[in-house]
Amino acid sequence: MLRLHDTATGTVRPLELRDPGRVSMYVCGPTVYEVPHLGHGRFTLVFDVLRRYLTFRGLEVVHVSNVTDIDDHIIERAAHEGRTEPEVAAEYEASWWAAMDALEVLRPTAVPHATRYIPGMVELVGQLVARDVAYETDDGVYLQVDTVDGYGLLAHQPLESLRVGARIEASEQKRSPLDFALWKKAKPGEPTWPSPWGDGRPGWHTECVVMSLDLLGDGFDLHGGGQDLIFPHHENERAQAVAAGRTFARHWLHNGWVMVGGEKMSKSLQNFTTIGDLLARGDPRAYRLLVLRSHYRRPIEVTPETIATAGRGLARLDALARRLALPDPMSGVVVRDEAVAAARGGVDDDAVARFCDHMDDDLDTPAATADVFDLVNRAHAAADEGDAEAARRLGGSVALLCGAMGLRLRSGVGDLDEPTRQLVDRRDAARRVGDFARADALRGELLAAGWTVEDGPDGTVVRR
RNA sequence: GGCGGCGUGGCCGAGUGGUUCAGGCAGGGGCCUGCAAAGCCCCGUACACCGGUUCGAUUCCGGUCGCCGCCUCCA
């Protein structure tokens, strides 16, 4: 059984499913006003790995992730650039999906948009007002947090301590500085929707509450995101749901930061690297492997050096895939029992079990990837000893487990362009007749063109 | 001020009350190779500091120092 850290309890505990065999998870998606950066890349990779692993274990996964397409940042950007909010949102949503596709992050099973759920949000706010836990002011409707049972659950702080630490000034009409907006009354020039409290727009992530409950139902299994969402974002989501008498997420999962030089990567510090920049520099799989090689709750340092190191690990995986002609583990979503049954050369059951033990232990991907690299070593050693059967079994396990984590193997050398093809052929010819000076010169040309040259029993293989 | 996390060998990064080792990268030596590449074998350097518990602590407890984060809109 999979055990995961739960932010609400601060402990690692079993993921107890509401519906046996089926996981309902809501992962907070992007507010589309900026291109995605490595922090977004990390959380989407973490939850993609979780989703793939759950699927690997034979569970059905319903993965809902929102797109918040209306908020202050979008309004600000649209105003600044003389465009409409929908134009801005559409542009950055497109860049979001482009990045997700490049990272081979599976699309969520549902992607609700905030602007399509406004009536539902108005209804929720109405319920909260009717329950007398929310109140209207001149500029909006606010949730009165001291009426909410267990406010501070995720922050692990009592209400009073949050109040003392609050950096925000109490407005004259707010009853507590911690009370937060459920509905913001329109200011001139802003997009608006009608409501009983006048035209305006939704407040604090009410969309996530309404959309998660609508698509996943009360008491859904898992709610997640980056650690910076714990408070106040997720705290306030929970507060709204609980105040409305609904049962919210059963388990809260949050991933750690991407760090830059020891500091958190964030928009406010302006120290972020976009996913686009990362992709322009190298293999997108390197970021996935880097993420896998650290525990999801720990911070990771993402630099050209750490990416390059991950890239060398990738080369090691690819080299095995090439040597043993392993199947592409990403030709479909990998389900363990089916994949094991389909594996022609068999798999190493002990290794798969060990991998699962590690993954079940709060998604210990560093240990799980170590398991995989251990298999790589054993597969090579078996092949060196001429034990083709063992090599195929161990190699097949590598492919299986990489697939379970969403890591594609590149075994093929691909089609060569004609000039390269000719260089390779001429080099093989030279080597056959023992003209090594000529062979070395031709290798020099290939290396200069960026190819790595390997001479195997069947002739020269080049790759890059 | 409140709350939380972290300090492991050159780097990244698991793990455990003791005599089997995480794993990867980098480094050294060998094997293979026409030479390489890929691969295999072998090797080195650890558990921030100070106390305590214990037969024995990197692992448990207490303290010190250092780093990081959250406390109203940052994944």
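Per chain, numbering begins at 1; letters A, B, ... match sequence-line order.
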Between [X] and [N], does any side-chain N or O lie under 4.0 Å from OP1 or OP2?
| X | N | value |
| --- | --- | --- |
| A:Asn377 | B:rC40 | yes |
| A:His254 | B:rC70 | no |
| A:Arg316 | B:rG23 | no |
| A:Lys264 | B:rA75 | no |

Check: A:Phe220 ring centre within less than 6.0 Å of A:Phe248 ring centre: yes
Ring centres under 6.0 angstrom apart (A:Trp96, A:His40):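 Here the rings of A:His40 and A:Trp96 have centres that are less than 6.0 Å from each other.
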Are side-chain N/O atoms of [X] and [Y] paired as donor and acceptor at under 3.5 Å?
| X | Y | value |
| --- | --- | --- |
| A:Glu207 | A:His113 | no |
| A:Tyr151 | A:Asn236 | yes |
| A:Glu76 | A:His80 | no |
| A:Thr68 | A:Asp71 | no |
| A:His358 | A:Asp371 | yes |

Just to verify, what does [X] make a side-chain contact (heavy atoms from CB on, under 4.5 Å) with, not counting sequence neighbours?
| X | result |
| --- | --- |
| A:Asp328 | A:Met330, A:Arg408 |
| A:Arg107 | A:Trp97, A:Asp101 |
| A:Thr303 | A:Glu301, A:Glu305, A:Thr306 |

Distance check needed: [N] [atom2] versus [X] [atom1], whole Å only.
| X | N | atom1 | atom2 | result |
| --- | --- | --- | --- | --- |
| A:Asn255 | B:rC74 | CG | C1' | 13 Å |
| A:Tyr287 | B:rA75 | OH | C1' | 10 Å |
| A:Tyr92 | B:rA75 | OH | P | 14 Å |

Please list, pair by pair, any protein nitrogen or oxygen found under 3.5 Å from a nitrogen or oxygen in nucleotides 1-6 of chain B.
{"from": "B:rG2", "atom 1": "O2'", "to": "A:Gln157", "atom 2": "OE1", "distance (Å)": "3.0"}
{"from": "B:rG2", "atom 1": "O2'", "to": "A:Ser161", "atom 2": "OG", "distance (Å)": "2.9"}
{"from": "B:rG2", "atom 1": "N2", "to": "A:Gln157", "atom 2": "NE2", "distance (Å)": "2.5"}
{"from": "B:rG2", "atom 1": "N3", "to": "A:Gln157", "atom 2": "NE2", "distance (Å)": "3.4"}
{"from": "B:rC3", "atom 1": "O4'", "to": "A:Gln157", "atom 2": "OE1", "distance (Å)": "3.3"}
{"from": "B:rC3", "atom 1": "O2'", "to": "A:His156", "atom 2": "O", "distance (Å)": "3.4"}
{"from": "B:rC6", "atom 1": "O3'", "to": "A:Arg298", "atom 2": "NH2", "distance (Å)": "3.3"}

Which part of the nucleic acid does [X] contact within heavy-atom distance under 4.0 Å: base, sugar-phosphate only, or nothing?
| X | value |
| --- | --- |
| A:Val372 | nothing |
| A:Asp179 | base |
| A:Gly41 | nothing |
| A:Met259 | sugar-phosphate |

Test salt bridge (charged side-chain N to carboxylate O under 4.0 Å, His left out) applied to A:Asp318 and A:Arg323, A:Arg463, A:Arg312, A:Arg285, the passing residue: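 Going through A:Arg323, A:Arg463, A:Arg312, A:Arg285 one by one, the salt bridge (charged side-chain N to carboxylate O under 4.0 Å, His left out) with A:Asp318 is satisfied by A:Arg285 alone.
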Side chain proximity check, A:Thr206 to A:Gln240, heavy atoms < 4.5 angstrom: yes
Close side-chain approach of A:Arg238 to A:Leu153, heavy-atom, < 4.5 Å: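 Heavy-atom side-chain distance check passes, below 4.5 Å.
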Nucleotide nearest A:Trp257 when distance is taken to its side chain, options B:rC73, B:rA75, B:rG24: B:rA75
Could you list, one pair per line, each protein nitrogen or oxygen that sits under 3.5 Å from a nitrogen or oxygen of nucleotides 10-12 of chain B, together with the distance?
none

Per-nucleotide protein contact string for nucleotides 31-36 of chain B, where B marks a base within reach and S marks sugar-phosphate only (heavy atoms under 4.0 Å, - for neither): ---BBB
Intermediate values then yes/no, side chain to side chain contact (heavy atoms under 4.5 Å, CB included), A:Glu136 and A:Trp183: CA-CA 9 Å; A:Glu136 185 176 358; A:Trp183 187 259; over 6 Å; no
Upstream residue (5' side of RNA chain B) when A:His40 and A:Ala381 are each assigned their closest nucleotide: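 Looking at RNA chain B, the more 5' nearest nucleotide goes with A:Ala381.
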Quiz: residues 442-450 of chain A side-chain donor-acceptor pairs under 3.5 angstrom, not counting sequence neighbours:
{"from": "A:Arg443", "atom 1": "NH2", "to": "A:Asp440", "atom 2": "OD1", "distance (Å)": "3.2"}

Strand contacts (RNA chain B) in residues 354-370 of chain A, 4.0 angstrom heavy-atom criterion: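 By residue number: A:Asp364, A:Pro366, A:Ala367, A:Ala370.
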Residues from residues 222-238 of chain A lying under 4.0 Å of RNA chain B - heavy atoms: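 Contacting residues: A:Gly225, A:Gly226, A:Asp228, A:Leu229, A:Phe231, A:Pro232.
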Base-pair map of RNA chain B as dot-bracket, where | denotes pairing with a different strand and pairs are Watson-Crick or G-U under 3.5 Å: (((((((..(((.....[....))).(((((.......)))))....(((((..]....))))))))))))....
Of all pairs that satisfy salt bridge (charged side-chain N to carboxylate O under 4.0 Å, His left out), the ones with a partner from residues 349-362 of chain A, not counting sequence neighbours: A:Arg57-A:Asp360, A:Arg297-A:Asp362
Plane angle bin for A:His234 and A:His254 - parallel if under 30°, tilted between 30 and 60°, otherwise perpendicular: tilted
P spacing across the pair B:rG24 / B:rA38, given as an integer number of angstrom: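 These two P atoms come out 15 Å apart once rounded.
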Acceptor/donor pairs from residues 388-399 of chain A side chains to any protein atom, 3.5 angstrom cut, sequence neighbours excluded:
{"from": "A:Arg393", "atom 1": "NH1", "to": "A:Asp348", "atom 2": "OD2", "distance (Å)": "3.1"}
{"from": "A:Ser397", "atom 1": "OG", "to": "A:Asp348", "atom 2": "N", "distance (Å)": "2.8"}
{"from": "A:Ser397", "atom 1": "OG", "to": "A:Arg393", "atom 2": "O", "distance (Å)": "2.8"}

Lys/Arg-Asp/Glu bridge criterion (N-O < 4.0 Å) met for A:Asp48, A:Arg52: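 So A:Asp48 pairs with A:Arg52 through a salt bridge.
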